[in-house]
Colleague: 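Below you'll find the structure I mean.
Since we're looking at a predicted model, the values are computed, not measured. Here is how names work: the chains are called A, B, and so on, in the same order as the sequence lines, proteins then strands, and each is numbered from 1. Because only heavy atoms are used, hydrogens play no part in the values below, and waters and symmetry mates are left out as well, while side chains stay in.
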Protein chains: 2
Amino acid sequence: METITALSHAPIRIRGVRGWPGDRGTEAPHLELAPAEKAELARLGEVVDFKTPGSLIFSQGDDAAFIHLLVDGLVRTYHTLQNGERQVVAFHWPGDLLGLAEDGRHVSSAQAIVPSRIYRFPTAKLARFLLKHPKVQDGFLVKAMHDLRAAQRQLIVMGKFDVTRRLAALLVDCSGHEHYFDPKSGVLTLPMSRDDVADYLGTSVETVIRAVTRLHREGLVERIRPRELKLDLDRLKGFAAL
Amino acid sequence: METITALSHAPIRIRGVRGWPGDRGTEAPHLELAPAEKAELARLGEVVDFKTPGSLIFSQGDDAAFIHLLVDGLVRTYHTLQNGERQVVAFHWPGDLLGLAEDGRHVSSAQAIVPSRIYRFPTAKLARFLLKHPKVQDGFLVKAMHDLRAAQRQLIVMGKFDVTRRLAALLVDCSGHEHYFDPKSGVLTLPMSRDDVADYLGTSVETVIRAVTRLHREGLVERIRPRELKLDLDRLKGFAAL
DNA sequence: CGCTTAATTGATCAACATCAACAGTAGTGG
DNA sequence: CCACTACTGTTGATGTTGATCAATTAAGCG
């Protein structure tokens with residue numbers, strides 16, 4: 001179910017764009033770290049493979065011993081409320097960092113949605129490393145602000161959009177990830193279940209389905225198979241624009 | 001309406017707690033920076049006074065020339081949608097940093113809710129400073145993660161709570177700020193209007209009011225005046241617990 | 001092909017938005 | 001001090017969105 005690969009050469013890439021352009025015109029969707037820094041960073045951690053969908057990466061309340069960097073795959077982080085309800089806080093794509101902690105403990109749980117490869121860095125070790133490598137630390141700061149922007153954006157979506165638009169916004173987000181979206185055909189292969197979507201959008205499965213139906217009726221989406229949707233991306237973007 | 005004080009000695013305090021305890025047992029709600037660092041930081045910026053409620057600190061789409069540190073007062077950041085609707089993204093208390101940017105432009109607008117004093121640091125200058133002062137940069141990283149936790153927490157609230165619980169959660173948040181809450185009497189002096197609350201909770205003014213009524217009926221809150229509520233903090237916390 | 005899980009559809013009910021009217025509250029000038 | 005005015009907050013009535021429960025169908029998979 002999960003395999004630890006001590007010495008491994010998975011490439012280190014962190015997804016995120018700088019909000020305040022420090023170096024001019026860095027339009028890449030990934031932070032640029034020097035090769036030497038990447039190598040050093042790689043030596044700090046180890047690669048873990050989570051082969052089966054649903055496998056638990058860490059759990060809410062766990063001692064936050066590691067900071068995780070998703071190399072490949074797709075991960076959901078979610079919070080379980082007292083009554084057992086689940087709120088998916090975020091979907092994480094390759095290059096995302098996971099493992100936000102409070103008081104030394106994970107605030108959310110994380111599960112692989114598809115088979116995923118993850119670097120994990122011991123927190124203390126990483127913290128010391130960052131203090132000695134300002135450029136890398138800067139990268140982490142940029143990443144944190146990137147994620148903060150994303151969270152605030154989702155807050156707007158949750159506060160002001162009805163479910164249909166929330167879904168549209170999610171589809172647009174997903175379409176930004178080449179692995180699941182073919183720009184030529186416009187076909188998105190949804191990696192997550194209707195349940196995941198519902199728990200992310202703060203609604204029920206049934207309502208998600210009806211939202212798909214509505215988008216279909218309006219011609220913004222064509223339902224090929226449950227997990228395969230042909231998007232009219234331009235119109236979707238317009239529909240879900242803030 | 002706004003006054004710039006070039007040389008000023010407002011104290012620098014950044015609100016936020018480290019998630020992964022780096023130094024042991026730092027339980028203070030504020031980051032500890034060395035006095036020398038604070039002094040240097042202070043020299044980078046200038047203090048601006050926003051004397052009248054509603055005065056605009058920066059506006060969505062503006063060139064993000066500054067990073068702002070709220071010294072005193074209360075600020076709302078909000079996003080204005082295409083149809084003119086407003087979503088309040090966050091309330092900012094003393095010690096908070098504001099001015100998240102994307103592509104060099106502010107993603108939200110910020111307004112003083114009560115008269116507020118704000119440090120503003122030129123972004124480029126600050127960015128250079130941070131690269132040379134890893135401890136301070138670390139502080140900013142901790143702050144960013146603190147805010148990210150807060151945003152994700154609010155996402156859970158928005159996704160899973162009905163309006164009454166959302167309101168309860170907000171009241172609990174407000175009660176954490178001494179200036180507006182007297183623990184002895186349990187009286188909270190709400191600094192923001194019902195509109196602000198509604199636009200923050202993603203609902204309407206009327207529904208906010210009915211939520212207050214409901215909390216009142218349940219005995220969790222006593223309505224002294226519109227902006228003065230006597231809280232049963234323990235029960236409120238229980239009611240709004242995640 | 002059967003079997004399990006995921007997705008879908010329909011019917012009913014509660015939460016909330018919306019519109020309209022009204023009551024406090026605070027500020028201003030006579 | 002009162003009277004006038006402009007907000008801000010509150011209440012009531014009605015329609016809509018989405019939650020919930022129950023039943024059914026469609027996909028994936030050994």
Colleague: What's B:Ser204 touching, base or sugar-phosphate or nothing? Going by heavy atoms closer than 4.0 Å.
Modeller: base

Colleague: Tell me which nucleotide among C:dC16, D:dA22, D:dG18 gets nearest to the side chain of A:Asp162.
Modeller: D:dG18

Colleague: What is the separation between atom CD on B:Glu85 and atom C1' on C:dT18, rounded to the nearest whole Å?
Modeller: 12 Å

Colleague: Give the nucleotide from the list C:dC16, D:dG18, C:dA7 with an atom nearest to the side chain of B:Thr207.
Modeller: C:dC16

Colleague: Measure from NE2 on B:His216 to P on D:dG9 and round the result to the nearest Å.
Modeller: 18 Å

Colleague: Using atom CD1 of A:Ile209 as one end and atom P of C:dG10 as the other, report the distance to the nearest whole Å.
Modeller: 12 Å

Colleague: Counting just side-chain N and O atoms, does A:Arg227 come under 4.0 Å of either OP1 or OP2 of D:dG28?
Modeller: no

Colleague: Taking atom types as modelled, find out whether A:Thr77 and A:His92 have a side-chain donor-acceptor pair closer than 3.5 angstrom.
Modeller: yes

Colleague: Is there a donor N/O on one and an acceptor N/O on the other, under 3.5 Å, for the side chain of A:Arg214 and the base of D:dT17?
Modeller: no

Colleague: Within 45° of the ring axis of B:Tyr200 and under 6.0 Å from its six-membered ring centre, is that where the NZ or CZ of B:Arg76 lies?
Modeller: no

Colleague: Between C:dT18 atom P and B:Asp195 atom CG, what is the distance in whole Å?
Modeller: 13 Å

Colleague: Rounded to the nearest angstrom, tell me the gap between atom CZ in B:Phe161 and atom C1' in D:dG18.
Modeller: 19 Å

Colleague: How about B:Val221 and B:Lys230: do any of their side-chain heavy atoms sit closer than 4.5 Å?
Modeller: no

Colleague: Classify the side chain of B:Arg210 versus the base of D:dG12 as yes if they form a donor-acceptor pair under 3.5 Å and no if they do not.
Modeller: yes

Colleague: Inspect the contact between B:Asp147 and B:Lys143 and indicate whether a charged nitrogen and a carboxylate oxygen are less than 4.0 angstrom apart.
Modeller: yes

Colleague: Rounded off to whole Å, could you give me the NZ-to-P distance for the B:Lys160 and C:dA15 pair?
Modeller: 17 Å

Colleague: D:dG18 P sits how many Å from A:Arg165 CZ, rounded?
Modeller: 11 Å

Colleague: Reading DNA chain D from 5' onward, which residue's closest nucleotide shows up sooner: A:Ile224 or A:Gly202?
Modeller: A:Gly202

Colleague: Quick check for you: among C:dA7, D:dT20, C:dT18, whose closest atom lies nearest to any side-chain atom of A:Arg194?
Modeller: C:dA7

Colleague: Rounded to whole Å, how long is the line connecting atom CG of A:Leu201 with atom P of D:dT17?
Modeller: 18 Å

Colleague: Take B:Asp196 and B:Arg86 through the test salt bridge (charged side-chain N to carboxylate O under 4.0 Å, His left out) and record every step on the way to the result.
Modeller: CA-CA 9 Å; B:Asp196 284 337; B:Arg86 187 185 74 150; 2.9 Å; yes

Colleague: B:Pro226 has a side chain; which of C:dT18, D:dA19, D:dG9 sits nearest to it?
Modeller: D:dG9

